Each structure stands twice: as C-alpha cells, then as structure tokens.
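Before any comments, here is the structure.
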Amino acid sequence: MARTSDIEKAAEVLRAGGLVALPTETVYGLGANAEDPTAVSRIFQVKGRPPSHPLIVHIGDAGHLDDWVEDVPPAARLLAERFWPGPLTLVLRRGHRVPLEATGGLETVAVRVPDHPVALALLSAFGGGVTAPSANRFGSVSPTTADHVRAELGDAVDFVLDGGPCEVGVESSIVDATGETPSILRPGGVTREDLEATSGRPLALPATSHIRVPGQHPSHYAPRARVVVVEPEKVLAEAELAQESGHHVGVLLPPTLSDVPVKAHAMVAVPASMAAYARGLYGFLRELDQRGCDLIVASLPVEEGLGLAIANRLRRAAGPRSTV
C-alpha cells in the first residue's frame with residue numbers, strides 16, 4: 001500500500017507535468033494535472049486514446065465542484081451530496097480551469113470525487129484536479145490492481161501508487177446533469193435504482209448521446225480474446241460449438257450452471273453476488289487471456305443493480321457483434 005512518502009512523490013510528479021497511476025474504488029486511473037494541457041495530452045499519447053474522447057476530472061471534495069464547472073443545477077447538487085465520494089461522475093458545463101484538451105473539445109466536463117483513501121490523499125497533497133481515465137491501453141481491459149498497470153503501461157507511467165485491489169471493479173456511472181432532468185450516459189458503480197431514488201424520478205438511459213463520454217466507443221473494456229455475449233441458457237451450447245470449431249474457449253459461467261460440466265479450454269464460475277462479480281469482472285477476463293483463450297463466451301446477468309453495469313461492460317467488450 002502507498003505510504004505518505006509515496007503520495008508526496010506522486011504529487012511532485014503531477015506538479016512537474018508527469019503521469020501518475022492512482023487507485024480509485026472503481027479502477028486504476030492514469031492521472032495528470034487537469035490544468036496542464038501538455039500533461040493532459042500525454043495521457044492520450046500513452047493510452048493511444050483518440051483526442052476527441054473526453055477525460056474525467058477527479059477532485060478532492062464536493063465543495064470544490066464550483067471551482068471546476070460553470071453551473072450546477074439543483075438535481076446535480078443533490079446527486080453530488082448523496083454519492084460523493086463515490087463511483088458517480090457528473091457531466092456539467094466546463095469551467096475556465098478545465099482545458100479543452102481534457103474535454104475532447106467539448107464545453108462540458110465530467111467530474112467526480114473518488115472514494116479511495118489513497119486517491120483522496122493524493123488530491124489533497126496535490127491541491128488541484130487530476131484528469132484520470134483508466135490506466136490501460138485504449139479499448140482494453142481496465143486495471144484493478146497496480147500490477148495490471150505495470151504490466152500494460154510499464155515505463156510510460158512516471159509513478160504508480162499502489163492502493164491495493166479496487167473495491168468496486170467497474171467504472172463510475174456517468175450522469176448528464178447539464179439540464180433539469182439528469183440522464184445516465186454510462187451505467188456503473190452507482191446503480192440506476194439508487195440514482196432514481198435520490199432524484200425522485202425515472203432517469204433515461206439513452207442508447208446514444210450528443211455528449212461524448214468515456215466508454216462509448218463501439219469496442220471497449222476488451223480482452224485479447226474475442227468476446228461473445230449470450231443469454232445464460234445458451235452458454236453451454238455456444239461454448240461447445242466454438243470449442244469443436246477449433247477455438248480455445250473461455251467461459252464466464254453463471255452461478256446457475258456452476259456444477260455443470262463444460263466443454264471448454266478454461267472456465268471461470270462467476271459469483272452470484274453482483275457486487276462480487278463487478279469487483280472481479282476485469283480480473284476474470286485477464287485470467288482467460290492468460291490461460292490462452294482466443295474466444296470468451298459470457299452470459300448476460302440480469303440487468304438491474306450492478307448487473308446493468310456488468311452487462312454494459314460485456315457488450316462493449318464484445319463490440320458491435322455483441323449478442324448471439
């Protein structure tokens with residue numbers, strides 16, 4: 001785990017325009033000084049991320065929100081008060097401190113307060129905002145340990161803060177809060193049900209949005225193996241057919257089939273708890289890659305609670321050919 005000296009060193013790296021991998025409750029982020037356009041641009045270079053793809057600005061306290069945005073509608077203020085620190089990102093009007101390099105050229109900015117003691121200590125020591133997308137190559141599986149970051153980005157990161165395994169395991173929920181009625185642009189660590197309970201109204205989950213946000217690329221969160229997403233009752237047949245066709249098949253097996261023999265190269269029985277499944281999802285995908293699978297058959301969870309975020313990540317990992 002990161003020591004005080006590590007956090008002070010990381011803050012110095014940020015001030016000098018360097019990149020720091022930092023733990024959050026969701027996934028590890030690749031952080032830069034949010035007010036330094038050159039440092040922010042380096043994030044895109046290291047990740048191979050399109051410059052039009054916006055980043056999230058991490059701040060240390062909900063009370064700092066007005067320093068980074070131009071306007072905070074009452075609905076947004078309510079969500080921030082309820083869920084920060086936590087895995088919720090709010091999209092609001094960009095304030096003057098945020099360079100266009102961080103927003104993909106948009107006049108909106110995505111902001112959140114992470115719920116991790118190391119991340120919060122770093123933000124306090126640094127004294128500013130940190131732009132931090134996931135610390136991996138663009139489109140690949142997000143990292144949930146410091147070792148994942150080191151294995152994928154190596155020396156391209158100036159400093160890695162080790163905060164242990166991420167507790168949530170999938171990225172934050174992103175909510176468009178620019179208007180009177182918020183909408184969910186990306187399901188994530190705060191469930192739709194909890195957002196609606198706090199908002200006191202149903203929240204739309206549009207298939208497309210005029211506001212670009214992280215995670216909207218047609219293929220995202222993807223392992224090296226091709227991912228095929230199916231309904232639970234089709235998992236065994238799909239895996240057997242692919243294995244007989246010559247693939248090295250990995251299977252994310254639903255709890256209802258955990259005792260059933262599977263004809264596959266490798267298998268991971270996913271937890272019945274959606275929180276445990278979300279926490280382990282990216283690790284499961286990495287494991288099947290490491291075991292030599294070239295195709296992964298994954299069953300869709302029930303799309304409620306955290307199951308909605310898991311299903312979203314699996315569909316993005318599968319890409320346009322999402323479901324069989």
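Worth saying up front: this structure is predicted, and the values here are computed from it rather than measured.
Residues T89 and S172 bring a donor and an acceptor atom of their side chains to less than 3.5 Å of each other. Side-chain contact, R112 with T26: a donor N or O sits under 3.5 Å from an acceptor N or O. Looking at T181 and R201, their side chains do bring a donor and an acceptor atom within 3.5 Å of each other.
Rounded to the nearest 0.5 Å, atoms OG1 (T191) and CG (L88) are 11.0 Å apart. Note that the CG atom of L288 and the CG atom of L252 stand 5.5 Å from one another [nearest 0.5 Å]. The structure places OG of S142 at 5.0 Å from CG of N136, a figure rounded to the nearest 0.5 Å. Between atom CZ of residue F159 and atom CG of residue L122 there is a gap of 9.5 Å, rounded to the nearest 0.5 Å. Between atom CZ of residue R286 and atom CD of residue Q290 there is a gap of 8.0 Å, rounded to the nearest 0.5 Å. Here the straight-line distance linking atom CZ of R3 with atom CG of D162 works out to 11.0 Å at 0.5 Å rounding.
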Output, in order, the C-alpha distance, side-chain angles, deciding distance and verdict of side chain to side chain donor-acceptor pair (under 3.5 Å) for E152 and S140.
CA-CA 10 Å; E152 185 154 353; S140 67; 2.6 Å; yes
Go through it in stages, so that I can follow the logic: the residues are R94 and T108, the test is side chain to side chain contact (heavy atoms under 4.5 Å, CB included), and I'd like the CA-CA distance, side-chain angles, deciding distance and then a yes or no.
CA-CA 5 Å; R94 179 179 72 95; T108 54; 5.9 Å; no
Side chain to side chain contact (heavy atoms under 4.5 Å, CB included) between F83 and L195: does it pass, once the steps are laid out?
CA-CA 9 Å; F83 294 108; L195 290 167; 3.9 Å; yes
Side chain to side chain donor-acceptor pair (under 3.5 Å) between T178 and D176: does it pass, once the steps are laid out?
CA-CA 6 Å; T178 55; D176 175 10; 2.7 Å; yes
Could you walk me through whether R42 and D158 pass the salt bridge (Lys or Arg N to Asp or Glu O under 4.0 Å) test, one step at a time?
CA-CA 11 Å; R42 191 174 160 213; D158 299 309; 2.6 Å; yes
Under the criterion side chain to side chain contact (heavy atoms under 4.5 Å, CB included), I'd like the reasoning laid out for L79 against W84: C-alpha separation, chi angles, the key distance, then a yes or no.
CA-CA 8 Å; L79 291 172; W84 283 357; over 6 Å; no
Checking side chain to side chain contact (heavy atoms under 4.5 Å, CB included) for the pair V251/I296: CA distance, chi angles, key distance, verdict?
CA-CA 6 Å; V251 182; I296 296 171; over 6 Å; no
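Cluster membership check: V98 does not share its hydrophobic cluster with L100, using side-chain heavy-atom separations under 4.5 Å among Ile, Leu, Val, Met, Phe, Trp and Tyr. Hydrophobic clustering, with ILVMFWY side chains joined whenever heavy atoms are under 4.5 angstrom apart, keeps V235 apart from L241. Note on V175 and L205: same hydrophobic cluster, where clusters join Ile, Leu, Val, Met, Phe, Trp and Tyr whose side-chain heavy atoms are under 4.5 Å apart, directly or indirectly. Under the 4.5 Å side-chain heavy-atom criterion for grouping Ile, Leu, Val, Met, Phe, Trp and Tyr, L78 is not connected to I59 through any hydrophobic cluster.
Nearest heavy atom pair, residue A32 against residue L19, reads CB-CD2, 3.7 Å. Here the shortest heavy-atom pairing between F138 and G48 reads CB-O, 3.5 Å. When every heavy atom of V228 is checked against every heavy atom of R226, the shortest pair comes out as CG2-NH1, 3.5 Å. Of all heavy-atom pairs between G188 and V170, the closest is C-CG2, 4.5 Å. In terms of heavy atoms, W68 sits closest to G128 at CZ2-C, 4.1 Å. Shown here for V190 and S173, the closest heavy-atom pair between the two residues is O-OG, 2.6 Å.
Counting heavy-atom neighbours within 6.0 Å of R93 CZ, excluding the residue itself, gives a total of 12 or less. No more than 12 heavy atoms of other residues, nucleotides or ligands shown are found within 6.0 angstrom of CD on E180.
Using a 4.5 Å cut-off on side-chain heavy atoms (C-beta onward), L253 and S299 make no contact. Looking at heavy atoms from C-beta onward, L300 lies out of side-chain contact with V230 at the 4.5 angstrom threshold.
The backbone N or O of L203 sits less than 3.5 Å from a side-chain atom of R192, completing a donor-acceptor pair. Under the 3.5 Å distance criterion, the side-chain polar atoms of H116 are matched with a main-chain donor or acceptor of G163. Between the side chain of T198 and the main chain of D194, a donor-acceptor pair closer than 3.5 Å is present. Judged purely by atom type and a 3.5 angstrom limit, D294 uses its side chain to pair as donor or acceptor with the backbone of H248. In terms of modelled atom types and a separation under 3.5 Å, the side chain of Q243 and the main chain of V249 share a donor-acceptor contact. One N or O on the side chain of K47 and one on the backbone of S134 form a donor-acceptor pair closer than 3.5 Å. Remark: the backbone N or O of H53 is paired with a side-chain donor or acceptor of R49 at under 3.5 angstrom. Checking side-chain atoms of E101 against main-chain N and O of V40 turns up no donor-acceptor pair under 3.5 Å. Side-chain atoms of R137 come within 3.5 Å of backbone N or O of V46 as a donor-acceptor pair.
Note: H148 and Y282 fail the aromatic proximity criterion, with ring centroids not under 6.0 Å apart.
Contact check on R316 versus E171 returns no salt bridge, with no Lys/Arg side-chain nitrogen under 4.0 Å from an Asp/Glu carboxylate oxygen. Checked for salt-bridge contact, D6 and K9 miss the test: no charged N lies under 4.0 Å from a carboxylate O. Looking at R77 and D66, a side-chain N of the basic residue comes within less than 4.0 Å of a carboxylate O on the acidic one, giving a salt bridge.
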